[in-house]
Protein chains: 2
Amino acid sequence: MRCSPSKNTEERIREAARQVFLEKGFDGTTSRDIAEAAGINIALTNYYFRSKEKLFISIFDELIQLFFEGMFCILNKPIGLREKITELVEHDFQLMKSNPSLCIFVMNEIHRNPERMANAVEARKQFQQSVFDEQLRREAALGHIRSIEAMHLMVMIVSNIQFLFISKAMHIRIWHMSEEAFDAFANRHKGIVIDMITNYLFAFESV
Amino acid sequence: MRCSPSKNTEERIREAARQVFLEKGFDGTTSRDIAEAAGINIALTNYYFRSKEKLFISIFDELIQLFFEGMFCILNKPIGLREKITELVEHDFQLMKSNPSLCIFVMNEIHRNPERMANAVEARKQFQQSVFDEQLRREAALGHIRSIEAMHLMVMIVSNIQFLFISKAMHIRIWHMSEEAFDAFANRHKGIVIDMITNYLFAFESV
DNA sequence: TCCTGTTTTAAACAAACGTTTAAATTTTAA
DNA sequence: TTAAAATTTAAACGTTTGTTTAAAACAGGA
């Protein structure tokens with residue numbers, strides 16, 4: 001009993017909730033949706049988690065961590081700027097490709113309910129403590145790159161990748177695209193974005 | 001009686017619905033929310049519009065048009081590319097600044113319910129018939145700019161602007177920003193984005 | 001004035017919502 | 001084997017949901 005044998009049921013609820021919340025959002029999800037997706041009785045969601053809200057927070061915190069952890073990890077790598085930027089783009093792209101609803105879900109839930117971003121302080125600290133900021137200043141002082149604040153560069157990187165997937169449904173609808181056609185487009189766009197950003201950073205003296 | 005004297009009430013409902021839907025999304029909005037915001041009886045929303053869904057579609061179509069019309073207008077202007085790109089960025093920025101919830105609302109509703117993008121064909125036609133595509137090819141053939149598909153360039157422009165406002169709530173939360181601080185950041189970022197994109201397009205031979 | 005059609009209201013509707021109950025079932029440890 | 005604990009179930013709880021009803025209030029023309 002100690003090391004709960006209910007892990008199975010609890011984890012099944014978590015997985016079902018993760019899927020349904022990501023797909024429909026908090027407001028669009030009902031307790032019965034989750035129970036049905038998990039193949040369990042409705043009452044069990046409130047037996048393991050105490051309410052729909054508490055279950056959501058648990059899932060949301062997990063997804064927020066997934067959303068950030070990889071990026072922070074790369075920011076602290078002891079590698080060159082050019083390589084680091086490429087890695088940041090590639091990682092973000094892969095994360096979005098593997099979890100197409102993640103970004104719009106996170107943005108939407110925070111937009112509608114900002115206090116859900118409870119770990120904001122944690123994210124800020126991790127970003128401030130990273131090597132990235134100092135690395136940018138050093139390279140700029142040496143004249144290797146254009147001088148730019150870390151925040152602007154980060155927003156640049158994630159904007160160009162994440163918006164692709166935020167607007168995916170719209171693109172597919174407007175351009176009569178198949179999933180494969182969109183993937184191909186997104187891949188090409190990723191390459192262009194890497195070019196554009198590195199070009200902006202490194203090829204600034206040619207003017 | 002002919003030319004309905006109820007225009008007042010109907011428009012009051014529309015305005016209230018627009019505000020509440022933008023703020024809370026379709027799922028998060030109740031009929032009573034709208035009635036209360038409009039200061040009218042609940043039954044009136046179904047008297048003028050036949051259901052919550054029909055009222056939403058009416059508002060949504062109006063917002064989709066607001067979302068696109070300005071952009072299409074600029075795309076067809078008889079002006080140079082550099083100026084056109086700057087105008088596209090500035091217009092998008094102003095639109096997002098005036099309607100901070102518009103973008104995430106549109107993206108979210110289409111993501112959750114793609115068939116709501118009923119006017120997709122219309123948007124595609126307007127884009128395809130615009131001068132922009134041809135303009136890009138001409139300038140590229142003349143060697144004035146780097147060769148790039150119109151779609152990639154458009155996505156570039158809107159990504160960098162719209163994502164700013166999609167992630168606004170998150171930024172404000174993470175960085176303890178005031179509205180004013182965010183506005184200042186966004187303004188600086190807009191300038192950087194214009195530099196980056198024009199630099200990518202026009203300064204490509206310096207390599 | 002009274003009549004006709006429009007607009008607004010309070011009240012109610014059935015259905016769906018998140019949640020709880022209390023009993024049934026299964027698991028655990030002695 | 002047995003009794004206590006943990007898990008699962010069907011059923012119901014009181015609210016809130018979108019929507020409808022039927023009557024009231026209001027308008028303009030005869």
Side-chain angles (χ1 to χ4, degrees), chain A residues 1-63 105 108-109 112-113 115-116, chain B residues 1-63 105 108-109 112-113 115-116:
Chain A
M1 193 130 324
R2 191 159 315 271
C3 200
S4 92
S6 66
K7 252 288 153 41
N8 258 336
T9 301
E10 187 173 334
E11 192 48 39
R12 259 168 70 197
I13 296 176
R14 292 189 67 84
E15 280 171 21
R18 194 181 307 125
Q19 176 208 311
V20 181
F21 278 139
L22 272 170
E23 190 185 328
K24 305 188 175 189
F26 180 79
D27 289 332
T29 298
T30 72
S31 303
R32 284 163 181 85
D33 285 339
I34 298 173
E36 191 179 354
I40 49 116
N41 189 280
I42 313 172
L44 277 184
T45 65
N46 279 19
Y47 174 75
Y48 283 96
F49 309 86
R50 292 155 46 82
S51 67
K52 177 192 172 189
E53 175 84 18
K54 290 210 171 66
L55 171 55
F56 177 82
I57 290 175
S58 167
I59 300 290
F60 186 73
D61 287 352
E62 170 201 298
L63 290 175
F105 167 79
N108 199 52
E109 296 299 340
R112 302 260 198 270
N113 215 335
E115 61 270 25
R116 287 217 168 112
Chain B
M1 197 131 321
R2 193 161 312 273
C3 200
S4 90
S6 65
K7 253 287 151 40
N8 259 334
T9 302
E10 188 173 333
E11 192 48 38
R12 257 169 70 198
I13 297 176
R14 291 188 67 84
E15 280 172 21
R18 193 181 308 126
Q19 174 207 312
V20 181
F21 277 139
L22 273 169
E23 189 185 331
K24 305 189 177 189
F26 180 80
D27 289 332
T29 298
T30 72
S31 303
R32 285 163 181 82
D33 285 340
I34 297 174
E36 192 178 353
I40 49 116
N41 189 280
I42 313 172
L44 278 185
T45 65
N46 278 18
Y47 175 75
Y48 283 97
F49 309 86
R50 293 156 45 82
S51 68
K52 177 192 173 188
E53 175 84 19
K54 290 209 171 65
L55 171 55
F56 177 81
I57 290 176
S58 167
I59 299 290
F60 186 72
D61 287 351
E62 170 200 299
L63 290 176
F105 167 78
N108 197 53
E109 295 299 339
R112 303 260 198 269
N113 215 334
E115 60 270 25
R116 286 210 169 118

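In what follows, chains are A, B, ... by sequence order, proteins preceding strands, each numbered from 1.
In this view, Glu23(B) satisfies the side-chain hydrogen bond (donor to acceptor under 3.5 Å, both in side chains) rule with no residue, not counting sequence neighbours. Among residues two or more places apart in sequence or in another chain, the salt bridge (Lys or Arg N to Asp or Glu O under 4.0 Å) test is passed with Asp27(A) by none.
Residue Asp27(B) contributes atom CG, which lies 19 Å from atom P of dT16(D) at whole-angstrom precision. The interatomic distance linking Glu11(B) (CD) with dT7(C) (C1') rounds to 17 Å, in whole Å. Taking atom CG of Leu44(B) as the reference point, atom P of dA11(C) lies 16 Å away to the nearest angstrom.
In this structure a side-chain-to-backbone donor-acceptor pair under 3.5 Å is missing from Ser58(A) to Lys54(A). Judged by distance alone, with hydrogens and angles left aside, the side-chain atoms of Glu109(A) form no donor-acceptor pair with the main-chain N or O of Phe60(A) at under 3.5 Å.
With ring centers used as reference points, Phe21(B) lies under 6.0 Å from Phe56(B).
The phosphate of dT8(D) has OP1 or OP2 within less than 4.0 Å of a side-chain N or O from Thr9(A). Between Tyr47(A) and dT9(D) there is no side-chain polar atom (N or O) within less than 4.0 angstrom of OP1 or OP2.
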Polar pairs (N or O, both sides) under 3.5 Å between protein and nucleotides 18-20 of chain C?
{"unit_1": "dG18(C)", "atom_1": "OP1", "unit_2": "Thr29(A)", "atom_2": "O", "d": "3.3"}
{"unit_1": "dG18(C)", "atom_1": "OP1", "unit_2": "Lys52(A)", "atom_2": "NZ", "d": "3.1"}
{"unit_1": "dG18(C)", "atom_1": "OP2", "unit_2": "Ser31(A)", "atom_2": "N", "d": "2.8"}
{"unit_1": "dG18(C)", "atom_1": "OP2", "unit_2": "Ser31(A)", "atom_2": "OG", "d": "3.4"}
{"unit_1": "dG18(C)", "atom_1": "N7", "unit_2": "Arg32(A)", "atom_2": "NH1", "d": "3.0"}
{"unit_1": "dG18(C)", "atom_1": "O6", "unit_2": "Arg32(A)", "atom_2": "NH2", "d": "3.1"}
{"unit_1": "dT19(C)", "atom_1": "OP2", "unit_2": "Lys52(A)", "atom_2": "N", "d": "2.8"}

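With contacts defined as side-chain heavy-atom distances shorter than 4.5 Å, the pair Phe26(A)/Lys52(A) qualifies.
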